[in-house]
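Read the structure below first, then the notes.
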Amino acid sequence: MLEVSDLTLHYGQSKILNGVSLTAEVGKVTCLMGTNGVGKTSLLKAISGVKHRSGGDYRLDGEEIAYPPAHALAAKGIGYVPQGRDIFPLLTVTENLQTGFACLPKEEHTIPDHIYELFPVLKDMRGRRGGDLSGGQQQQLAIARALITKPKLLLLDEPTEGIQPNIIQQIGRVIAHLRDQGQMAIVLVEQYFEFAYDLADRFTVLKRGTVVMEGMKDELSKDSLRDSVSV
């Protein structure tokens with residue numbers, strides 16, 4: 001689904017990503033790991049179109065991707081859940097979900113039942129404003145909003161950050177369910193090692209904007225992975 005090769009990214013004169021390659025397959029979770037500040041979020045922004053890469057090849061579902069804006073990539077099937085969630089605090093839960101309709105044809109402007117099956121709390125809080133939800137509820141809303149767009153590729157940036165343990169477990173179950181359905185590729189940025197290790201099929205580890213380790217889970221030792229992301 002996703003093939004990124006030799007991607008570079010600059011912020012001004014600073015090179016943030018240096019020749020990064022990443023593969024994400026349908027029906028699998030690719031976990032992007034590394035300590036803070038190594039370029040994980042920047043890579044997701046480049047893939048989603050929030051930031052334009054400086055160079056490198058990028059293919060989505062076999063199609064070569066140039067430099068389209070984020071909304072055009074969302075229409076092509078990229079769902080992005082950013083770090084910090086970015087829900088609309090003054091809109092209701094329903095209205096937040098409906099913002100995902102912008103990527104869909106008019107006849108598909110409905111909230112599917114399975115969204116509420118995945119996140120039952122959102123059904124109970126449909127009329128609540130996004131800003132009145134807890135952090136965990138906002139995270140569920142952000143993931144649900146991305147799923148409204150029917151993504152082929154789902155990008156998740158630190159979905160467990162600042163979330164209570166019971167919600168972390170629920171989010172893990174949702175990610176596993178989406179993977180097992182076999183209809184999308186998932187790229188997960190995650191600092192919580194055990195959460196990431198349990199879910200991931202493939203790992204890519206960054207250090208100073210460069211890939212230092214990558215491979216399928218059964219090709220890499222757990223200890224070497226843990227050492228590579230330790231400060």
Side-chain angles (χ1 to χ4, degrees), residues 1-26 28-87 99-100 102-103 139 142-143 145-147 149-161 175 178-179 184-191 196 199-215 228-229:
M1 178 54 64
L2 173 71
E3 296 175 90
V4 171
S5 179
D6 213 22
L7 186 144
T8 58
L9 177 71
H10 289 77
Y11 287 167
Q13 298 300 312
S14 300
K15 182 180 275 190
I16 306 301
L17 298 173
N18 182 23
V20 170
S21 296
L22 179 75
T23 299
E25 300 176 41
V26 172
K28 289 184 170 57
V29 174
T30 298
C31 189
L32 185 59
M33 302 186 78
T35 55
N36 286 330
V38 298
K40 304 184 301 295
T41 292
S42 295
L43 180 55
L44 291 196
K45 287 181 176 180
I47 294 169
S48 65
V50 174
K51 294 286 185 185
H52 280 170
R53 69 190 189 277
S54 308
D57 296 322
Y58 174 6
R59 291 182 178 273
L60 181 68
D61 201 13
E63 177 186 353
E64 189 170 343
I65 302 297
Y67 296 89
H71 66 84
L73 284 173
K76 286 180 179 294
I78 295 182
Y80 178 38
V81 182
Q83 190 176 23
R85 302 179 277 273
D86 286 356
I87 57 105
T99 62
C103 302
Q139 186 66 70
I143 297 172
R145 179 179 59 186
L147 294 178
T149 68
K150 301 180 179 179
K152 301 174 185 175
L153 171 66
L154 181 64
L155 309 174
L156 299 169
D157 195 354
E158 303 275 12
T160 69
E161 185 178 38
I175 294 171
L178 295 172
R179 175 197 60 205
M184 68 177 72
I186 300 171
V187 176
L188 170 68
V189 169
E190 185 52 61
Q191 296 274 26
L199 284 171
D201 300 287
R202 185 180 189 90
F203 293 93
T204 297
V205 180
L206 291 182
K207 187 173 184 178
R208 296 177 183 172
T210 302
V211 176
V212 294
M213 183 183 295
E214 69 91 24
S228 72
V229 299

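Heads up: numbering here begins at 1 and tracks the sequence. Bear in mind that the values here come from a model prediction, so they are computed numbers and not experimental data. FYI, side chains are in, hydrogens and waters are out, and symmetry mates aren't considered; it's all heavy atoms of this structure.
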Exercise. Given side chains that start at C-beta, do those of Arg202 and Lys28 come closer than 4.5 Å, heavy atoms only?
Worked result: no

Exercise. Roughly how far, to the nearest 0.5 Å, is the NZ atom of Lys45 from the CG atom of Leu155?
Worked result: 13.0 Å

Exercise. Is there a donor-acceptor contact under 3.5 Å from the side chain of Asp201 to the main chain of Val29?
Worked result: yes

Problem set entry | From Ser42 atom OG to Asp157 atom CG, the distance as rounded to the nearest 0.5 Å | 9.5 Å

Exercise. In Å and rounded to the nearest 0.5 Å, what is the OH to CG distance from Tyr80 to Leu156?
Worked result: 10.5 Å

Problem set entry | Test log, rule side chain to side chain contact (heavy atoms under 4.5 Å, CB included), inputs Leu206 and Leu32 | CA-CA 7 Å; Leu206 291 182; Leu32 185 59; 3.9 Å; yes

For this session: Measure the spacing between CG of Leu7 and OH of Tyr58 and express it to the nearest 0.5 Å.
Result: 9.5 Å

Problem set entry | CG-OG1 distance between Asn18 and Thr210, expressed to the nearest 0.5 angstrom | 4.5 Å

For this session: Evaluate the criterion side chain to side chain contact (heavy atoms under 4.5 Å, CB included) for residue pair Lys76 and Ile65; output intermediate values, then yes/no.
Result: CA-CA 10 Å; Lys76 286 180 179 294; Ile65 302 297; 4.0 Å; yes

Exercise. Where is the tightest heavy-atom contact between Val20 and Val4, given as atom of each residue plus distance?
Worked result: O-CG1, 3.7 Å

Problem set entry | Under 3.5 Å: donor-acceptor pair, side chain of Thr35, backbone of Val229 | no

For this session: Please report the shortest heavy-atom distance between Gly34 and Lys40, naming the atom on each side.
Result: O-NZ, 3.1 Å

Problem set entry | Atom of Ala24, atom of Val187 and distance for their closest heavy-atom approach | CB-CG2, 3.7 Å

For this session: Report yes if some heavy atom in the side chain of Leu73 is under 4.5 Å from a heavy atom in the side chain of Pro68; otherwise report no.
Result: yes

Problem set entry | Ala142 to Arg85 - nearest heavy-atom pair and separation | CB-O, 3.9 Å

For this session: Could you check Leu147 against Leu178 for side chain to side chain contact (heavy atoms under 4.5 Å, CB included), going step by step and ending with a plain yes or no?
Result: CA-CA 10 Å; Leu147 294 178; Leu178 295 172; 3.9 Å; yes

Exercise. Is there a side-chain contact between Gln191 and Asn36, using heavy atoms and a 4.5 Å cut-off?
Worked result: yes

Exercise. Any side-chain heavy atom of Glu158 within less than 4.5 Å of one from Glu190?
Worked result: yes

For this session: Could you tell me whether the side chain of Phe203 reaches within less than 4.5 Å of the side chain of Met33, counting heavy atoms only?
Result: yes

For this session: Output yes when a side-chain donor or acceptor of Thr204 lies under 3.5 Å from a complementary backbone atom of Glu214, and no otherwise.
Result: no

Exercise. How long is the span from the SG atom in Cys103 to the NZ atom in Lys150, to the nearest 0.5 Å?
Worked result: 11.5 Å

Seminar exercise, completed: Val189 and Pro159 have their tightest heavy-atom pair at O-CD, 3.5 Å

Exercise. Does Lys152 reach the side chain of Met184, with side-chain heavy atoms less than 4.5 Å apart?
Worked result: no

For this session: For the residue pair Thr30 and Thr23, establish whether any side-chain heavy-atom pair is separated by less than 4.5 Å.
Result: no

For this session: Can you see which heavy atom on Tyr67 is nearest to which on Arg53, and at what distance?
Result: CE2-O, 3.1 Å

Problem set entry | Sidechain-backbone polar pair: Ser54 side chain, His10 backbone, donor-acceptor under 3.5 Å | yes

For this session: Please confirm whether the backbone N or O of Ile78 pairs with a side-chain atom of Thr149, one donor and one acceptor, at under 3.5 Å?
Result: no

Problem set entry | Side chain to side chain, Ile47 and Leu153, heavy atoms closer than 4.5 Å | yes

